[in-house]
Amino acid sequence: MTDFLTGLNEPQREAVLHTDGPLMIIAGAGSGKTRVLTYRTAHLIRQGVDPFRILLLTFTNKAAGEMRQRIEKVVGNDARAIWMGTFHSVFAKILRFEASHLGFTSNFSIYDTDDSKSLIRSIVKERGLDDKIYKPGVVFNRISGAKNRLISADDYLQNPIIQADDAAARLPEVGRIFKIYVDRCFKANAMDFDDLLFNTNILFRDHPDVLHKYQHKFRHVMVDEFQDTNVSQYLITRKLAAIHQNICVVGDDAQSIYAFRGADIQNILNFEKDYPDLSTIRLEQNYRSTQTIVKAANSVIARNRAQLRKEVWTSNEDGPLIEVIKASSDNEEGRLVATHIFEEKVTHGLRNNDFAVLYRTNAQSRAFEEALRKLNIKYRIIGGLSFYQRKEIKDLLAYLRFTINQSDEEAFKRIINLPKRGIGDTTVAKIAVVAAEKGIPVWEVVANIGQHAAGRWNSAIEGFADLIKSYGLLLDKKDAYEVASHVAKTSGLLKELYEDKTVEGLSRYENVQELLNAIKEFVDNPDNEDKSLGAFLQTVSLITTADTDEDPNDNDKVTLMTIHGAKGLEFDHVYIVGLEEDLFPSQMMLQSRADLEEERRLFYVAITRAEKRLVVSYAESRYQYGRPKMCEPSRFLDEIDTKYLQISRSASRRSAESRELSDGGEVLRQPTSFLKNLTAKTSLNRATTPVVNHKPSENFAPSDTRQLAVGQRVEHAKFGFGTVKDLDINGTDRKAVILFEKAGEKTLLLSFAKLRIVE
DNA sequence: CTATCGCACTGTAGT
DNA sequence: AGTGCGATAG
């Protein structure tokens with residue numbers, strides 16, 4: 001019965017066996033949290049709990065899928081019936097079921113962030129406001145923040161503190177925009193991501209019978225990654241667990257990294273107050289990482305004040321020291337890290353799979369991609385622009401959405417003139433006016449344009465309406481794939497892309513085909529009972545990059561991703577790159593939220609992803625908006641206890657790099673102690689040798705760029721003396737990053753014009 | 001109505 | 001550097 005308990009340590013076992021009453025599991029990094037959650041669920045089922053009455057909320061769909069598989073290994077098919085998924089997917093499901101209570105229909109659309117911003121832009125313009133001031137992203141964030149704190153548009157307008165805050169931010173109209181936004185979403189029969197949670201709260205608040213139903217249904221409620229839940233999510237779980245009181249939350253306050261988007265660390269810090277008879281179990285033994293990595297991580301996180309008492313330890317071996325790589329530019333950082341990976345692979349016989357490069361922002365991936373490609377190392381990028389955010393994909397999805405839900409305003413805007421059918425903004429605006437005057441939905445006007453307006457464009461509009469109507473007729477007869485491929489063909493979308501013979505056009509055509517393949521897979525999957533287009537759209541709106549599956553035959557790749565994306569993952573060899581002030585910790589985070597502690601937790605998460613070896617790197621200069629910029633090493637480097645650091649590696653690497661690039665080029669400077677650089681930052685830019693004499697002025701000829709080498713002293717007609725910091729060789733294309741010191745000011749340049757070598 | 005060009009601006013994570 | 005905007009021409 002409890003055979004699977006044998007491999008567990010004492011607190012883990014205790015957590016698995018504690019089945020009744022509120023439970024909080026504080027799970028340190030690498031402490032076997034997933035294992036405990038898996039076994040606990042399996043244990044509940046073996047104890048006779050109906051899997052249908054277990055609710056398990058995870059952070060990503062992928063995590064849910066993996067956990068379901070692991071539970072299945074223990075209890076078999078019963079695992080299928082568990083209610084498991086992200087907050088958004090589980091409550092979207094419940095909302096579809098109960099939609100009528102809120103005045104929605106069950107085929108409501110889910111607006112993604114782009115849809116929301118687009119709608120806000122429309123509202124801002126309609127109200128005659130300046131969208132340079134009322135930036136859609138900013139307005140959206142304010143609305144989103146309010147919803148996550150369960151503040152409705154009316155509450156927002158009536159709250160003097162919020163109003164004062166908006167006034168101070170010179171955005172007094174946000175509340176009005178909020179109210180219109182909510183109204184328009186409702187009329188479009190659409191919910192945005194935040195609404196899925198907000199409306200669930202409203203549903204449970206205003207419909208006690210519905211709440212009661214789910215309260216009784218879910219005998220056990222479990223929440224993974226509890227530290228990253230927001231108030232809205234917390235209240236839902238609390239309400240659901242109110243009768244049975246079987247609520248189990250698992251989390252680690254030290255790994256809370258989503259406060260910026262509304263996650264409330266107070267949820268975990270105050271949980272004890274909400275549940276006086278709470279049992280708390282701490283999982284403190286780390287099974288993942290080496291002694292060095294665990295201790296280094298502890299030395300960093302110890303600087304945070306707001307945290308629960310916890311002592312993460314490991315009995316693993318010491319392992320190698322943490323290496324620090326210093327690069328003069330972002331490109332060099334890419335090359336040094338790629339070379340490091342290459343050499344580790346060769347000397348230790350490792351696979352690409354064993355490595356991950358973690359950065360703070362997606363924009364940093366470029367340099368690593370280029371460098372890895374040059375060394376023929378396969379890599380995969382997680383995050384960035386996801387498949388489902390691509391224009392061509394969103395276009396086809398918009399057609400499908402609109403076929404299902406003709407109130408979907410954002411889908412309508414996307415496709416009304418796509419492909420071009422001569423219905424421009426002016427015509428659309430006219431239709432909107434007619435609809436508003438007659439007080440009927442836009443689709444009513446479009447579908448019966450002859451009755452409502454007469455004009456040159458009527459035939460084009462009729463054509464569009466007939467198209468959509470014909471699609472609608474297919475819904476009951478055909479499955480999702482048949483409808484989607486029919487739409488792709490007959491709408492002209494596929495044709496337009498097919499005729500575009502550019503490289504991008506080809507790739508966009510392939511992307512649409514891939515979407516159709518994905519729909520085919522959905523239809524062919526026996527697990528999916530409902531094969532309708534509506535069912536497919538429900539799942540697709542909540543898919544993210546973290547969830548996309550890999551081709552299992554071709555997955556030996558180095559992983560490149562943001563630290564946020566790496567949550568919950570682990571790799572033998574981890575590179576944390578771009579450790580520079582203003583980048584990590586991020587300047588934005590410090591300015592707007594003044595939350596250094598969250599950045600530090602992010603650093604902690606990054607460190608604790610590593611199992612065997614950790615390498616950190618930073619660059620002295622970096623491109624930003626196509627302009628080079630000087631960088632200082634991150635304060636976080638200083639926060640790692642020096643006894644866990646090894647510095648020398650960067651020196652040998654650097655000289656190897658210089659040799660490779662400039663045969664015979666001088667090594668810029670032997671990096672000394674890393675900490676010395678931190679205390680004497682100016683030394684970074686000091687000229688190595690003051691140059692007095694040089695050859696008479698003669699501008700660089702393109703052929704002479706071969707003479708450039710890292711460390712080479714140069715003079716520029718405008719910027720004066722400088723040192724070559726980095727060379728970038730791309731086929732015949734050679735670029736140099738040069739650091740100039742003029743009047744105490746440092747400038748970086750990327751051009752050979754008006755440049756000459758100094759003896 | 002559509003295409004194109006110059007200009008201004010961008011500055012974080014992702015359900 | 002990339003994007004998205006408005007102005008202008010076709």
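Order of the sequence lines fixes the chain letters, A, B, ..., with proteins taken first and strands second; residue numbering starts at 1 for each chain.
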base_contact_polar (B:dT15 base, A:T113 side chain, donor-acceptor, <3.5 Å) | yes

Please confirm whether the backbone N or O of A:D252 pairs with a side-chain atom of A:Q227, one donor and one acceptor, at under 3.5 Å?
-> yes

N-O pairing of A:K413 and A:E410 below 4.0 Å = yes

In whole angstroms, the gap separating P of B:dT15 from CG of A:L95 amounts to 19 Å

Side chains of A:Q255 and A:Y604, donor plus acceptor under 3.5 Å = no

With a non-hydrogen cut-off below 4.0 angstrom, is A:R421 in contact with a base, only sugar-phosphate, or nothing?
-> nothing

Ring-on-base stacking B:dA13 with A:F260 (under 5.5 Å, under 30°) = yes

Detail all sub-3.5 Å separations between protein N/O atoms and N/O atoms belonging to nucleotides 5-10 of chain B.
unit_1 : atom_1 : unit_2 : atom_2 : d
B:dT10 : OP1    : A:K135 : NZ     : 3.3

To the nearest Å, give me how far apart CZ (A:R601) and P (B:dA13) are.
-> 18 Å

Whether A:F368 and A:Y359 hold their rings parallel, tilted or perpendicular, with breakpoints at 30° and 60° | parallel

N or O in side chain of A:K420 less than 4.0 angstrom from B:dA3 OP1/OP2 = yes

With sequence neighbours left out, which residue pairs that include part of residues 124-152 of chain A fulfil the ring pair (Phe, Tyr, Trp, His ring centres under 6.0 Å) condition?
-> none

What residues, two or more places apart in sequence or in another chain, satisfy salt bridge (Lys or Arg N to Asp or Glu O under 4.0 Å) together with A:K420?
-> none

Taking for each residue the nucleotide of DNA chain B bearing the nearest heavy atom, is the 5' side occupied by A:N362 or by A:N417?
-> A:N417

For atom CZ of A:F603 and atom P of B:dA13, their distance in whole Å = 19 Å

Would you grab the first and last nucleotide of DNA chain C (5' to 3') that comes under 4.0 Å of any non-hydrogen atom in chain A?
-> C:dA1 to C:dC5

Applying salt bridge (Lys or Arg N to Asp or Glu O under 4.0 Å) to A:E462 and not counting sequence neighbours gives none

Across the strands shown, which category fits A:D582 at heavy-atom distances under 4.0 angstrom: base, sugar-phosphate, nothing?
-> nothing

Closest-nucleotide 5' rank along DNA chain B - winner of A:S586 and A:V428 | A:V428

Measure from the side-chain N and O atoms of A:E581 to the backbone N and O of A:R635, and report whether any donor-acceptor pair falls under 3.5 Å.
-> yes

Which pairs, with at least one residue in residues 221-236 of chain A and sequence neighbours excluded, count as a salt bridge (charged side-chain N to carboxylate O under 4.0 Å, His left out)?
-> A:K33-A:D224, A:K33-A:E225, A:E225-A:K567, A:D228-A:K567

Roughly how many Å is it from CZ in A:F140 to P in B:dG14, rounded to a whole number?
-> 14 Å

Please report, rounded to the nearest Å, how far the C1' atom of B:dT12 is from the OH atom of A:Y359.
-> 14 Å

Calculate the interatomic distance between A:D228 atom CG and B:dA13 atom C1'; express it in whole Å.
-> 11 Å

Can you tell me how far P of B:dG14 sits from OH of A:Y388, to the nearest Å?
-> 18 Å

Consider the side chain of A:H88, meaning its heavy atoms from C-beta on, and name the nucleotide among B:dT2, B:dG14, B:dT15 that approaches it most closely.
-> B:dT15

Scan A:F87 against the nucleic acid and name what it touches under 4.0 Å (heavy atoms): base, sugar-phosphate only, or nothing.
-> nothing

Quick check: does any side chain N or O of A:R622 sit under 3.5 Å from a backbone N or O of A:Q364, one acting as donor and the other as acceptor?
-> no

